[in-house]
2 protein chains.
Amino acid sequence: MLDLARLRALHAVSVHGSVSAAAIALGYTPSAVSQQIAKLERETRTTLLERQGRGIALTDAARHLAATAQQLLAIVEEAETTLEEQRGQPTGRLVIGAFASAARGLMPVVLASLAAEHPSLDARLLEVDPHLSVDLVAQGVIDLAVAHDWDIAPLPAPEGQERAVIGEDLCDLLVPAGHPLARVAARRPLRREDLPGRRWICQPPGSVCHDWLVRTLRASGHEPDLAYQAAENHTQIALVAAGLGVALMPRLGRGPLPDGVLALPLEPVPVRRLYALWRPGAARRPAITETVRLLADLWPRRMS
Amino acid sequence: MLDLARLRALHAVSVHGSVSAAAIALGYTPSAVSQQIAKLERETRTTLLERQGRGIALTDAARHLAATAQQLLAIVEEAETTLEEQRGQPTGRLVIGAFASAARGLMPVVLASLAAEHPSLDARLLEVDPHLSVDLVAQGVIDLAVAHDWDIAPLPAPEGQERAVIGEDLCDLLVPAGHPLARVAARRPLRREDLPGRRWICQPPGSVCHDWLVRTLRASGHEPDLAYQAAENHTQIALVAAGLGVALMPRLGRGPLPDGVLALPLEPVPVRRLYALWRPGAARRPAITETVRLLADLWPRRMS
DNA sequence: GCTTGGATGCAGTAACGGTTAAAGGTACGA
DNA sequence: TCGTACCTTTAACCGTTACTGCATCCAAGC
């Protein structure tokens, strides 16, 4: 009787292309994977792996067997989902992928709640780039993604994935104390006309914050002066505190501002919307529904 | 990750209706099966078995899981067949069911050849009633059946099974020495007209030999006098030797006749045809094709 | 009542399946 | 050409698993 664990090892080797990569993916040492497959070869009396240079190559029989393994694993996963659904309690492993701010500002409290309320759920966190989250969900690397879009560039409904809105995250303009705009903001909310002509501190190109700034200012005919680029919020805040420029920053995960940095509201306020994404059908898992519920429930009200 | 061995245990319990029956079918002790399923219950955090009187009953979740297990096991069996086919050498377990005479007269030499030529094949023999063999093949209890029909009642091509002819087994009339028919047979072959009016020794009702006798004599307007009924050939021969009557007996597995018993040829000769039966697609297994080949090759020429 | 048949719990044991450490082999660079 | 780095495999070791055998418990039947 073929063993499922061994077939899973073969499948992992087939997918990742090497014994070591498969071992990492499975959480074993390469030695263990190698032995599993050697045992599978003995049991089936078939050569599955052939050494090719420094690595290995799968034989035809191995590729066919790996395809069968994939089929089996899909059925097993389906069965496990059904069991969890029937039981109604979150169980098993749930890998959540979240972008940096959500990982800092939202996930700790969510993960703590999950751990407290559902001890048999093994929830894990992976900080991922929001652009990659759709693919990572599809590939099965993560089961649930926390992603976001931006008011001027809504997230297209991902092909064959389901989603729910977690909440809306508002943006303020960070300025050093004593900045001219602080006096303006004391009288009225800042408008987009107030933004051109500043030295900007923002994220590197390719990030949504960067794009928002460029597109919004260009729409009013100006090219923003992106003088300082840093990925981390704290770095940006430090640059603002040093009086080097102004920054646009969402409230989620921003943390308390140091003395000498002010958060000024904008009108209309830039907003990004946070979503949870999962594979179609995965909502049958209580683990998914419960986590999505907690994400929305624990979404800080002050954000919106 | 659900374990296939445990799922197989659950499936066996589901099929056989009790832990002990499942254990027998799987070749374990009931304790082992009970522990397997207890572990499966812990892993899935689901109740699968409930005590019902002296036995057990499956929960809804267990029935659903057993159905999934069946699906998985079918895929695994298919994969194992493909592996054996690719390798081209008989391997794995092959359960052969044969009716009594074939088990005695044909299978020993076939099994010995298989064991000698294919050490990695685990061939097993089960003596089965020929009427049941079609069902047993369909149920998967046996992988290959050696069955037979009778010239006046050909075996209908079994629904959804494949077959091959092994050979033809001829029948003689056994009489005690000094019986009047012995003198007739010395001059010419016996004909059906010589048969009525004898005291018959034959198998119990329901067996093919019994049916052949009754139908053949009734066709010529006579009711046979079935004075002595015994299932075993040797018993019948002993009854003939004691001068109690005559018997019709196929040559396969008949063994040497004791002094005082003669085998007289009939014209036309009653003949039964031996078949090998297997599930459709199973012929992809070299184990099946090789065994069928040996069955036909080692079929004793003197029989036909 | 006792007996029978079946499921389960427990102790013991053999085999399995992992890790670490060391040993091939191959490609790449000095 | 040799050394190095990388990957796979092997060997030794060890904790865990998964059987068996036996005892126990429960329900049904005599």
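Residue numbers start from 1 in every chain, and the chains themselves are labelled A, B, ... in the order their sequence lines are given, proteins ahead of strands.
- If you measure from atom CG of A:L7 to atom P of C:dG17, you get 13 Å, rounded to the nearest angstrom.
- The side chain of B:R54 sits closest to D:dA28 out of D:dC7, D:dT20, D:dA28.
- Nearest to the side chain of A:I56, among D:dT8, C:dA7, C:dT4, sits D:dT8.
- Side-chain atoms of B:Q35 lie closest to C:dC10 of the nucleotides C:dC10, C:dG17, D:dA18.
- Atom OH in B:Y28 sits about 12 Å away from atom C1' in D:dT20, given to the nearest Å.
- Atom CZ of residue A:R279 and atom CD1 of residue A:I142 lie 8.5 Å apart, to the nearest 0.5 angstrom.
- Under the 3.5 Å distance criterion, the side-chain polar atoms of A:T91 are matched with a main-chain donor or acceptor of A:Q89.
- Put simply, CG on B:L49 is 16 Å from P on C:dG6, counting in whole angstrom units.
- Taking atom CG of B:L40 as the reference point, atom C1' of D:dA18 lies 14 Å away to the nearest angstrom.
- With distances taken from any side-chain atom of A:S20 to the nucleotides D:dT8, C:dG6, D:dT9, the minimum falls on D:dT8.
- Atom-to-atom, CG of B:L10 to P of C:dA7 comes out at 14 Å; the value is rounded to the nearest Å.
- Smallest separation of non-hydrogen atoms from A:A283 and A:T289: O-CG2, 3.1 Å.
- A:E41 has its CD atom 14 Å from the C1' atom of D:dT10, to the nearest Å.
- Of the residues near DNA chain C, B:A21 and A:S31, the one whose nearest nucleotide (by heavy atom distance) lies more toward the 5' end is B:A21.
- For C:dA7, neither phosphate oxygen OP1 nor OP2 lies less than 4.0 angstrom from any side-chain nitrogen or oxygen of B:Q52.
- Considering only side-chain N and O atoms, A:K39 lies under 4.0 angstrom from the phosphate OP1 or OP2 of C:dG17.
- Between A:R6 and C:dG17 there is a side-chain N or O to OP1 or OP2 distance below 4.0 Å.
- Distances were taken from every side-chain heavy atom of A:S18 (C-beta onward) to each of D:dT8, C:dT26, D:dA28; the shortest belongs to D:dT8.
- Between the CD1 atom of A:I37 and the C1' atom of D:dT10 there is a distance of 16 Å, given to the nearest Å.
- The nearest whole Å value for the distance from the CD atom in B:E50 to the P atom in D:dA27 is 14 Å.
- Among C:dC28, C:dG18, D:dA18, the nucleotide with an atom closest to any side-chain atom of B:Q36 is D:dA18.
- For the 3.5 Å distance criterion, the side chains of A:Q35 and A:S31 qualify, holding a donor opposite an acceptor.
- Listed pair B:T29 / D:dT20 meets the phosphate criterion, a side-chain N or O lying under 4.0 Å from OP1 or OP2.
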Could you please spell out the steps behind the salt bridge (Lys or Arg N to Asp or Glu O under 4.0 Å) verdict for B:R293 and B:E290? CA-CA 5 Å; B:R293 186 185 71 77; B:E290 174 67 359; 3.0 Å; yes

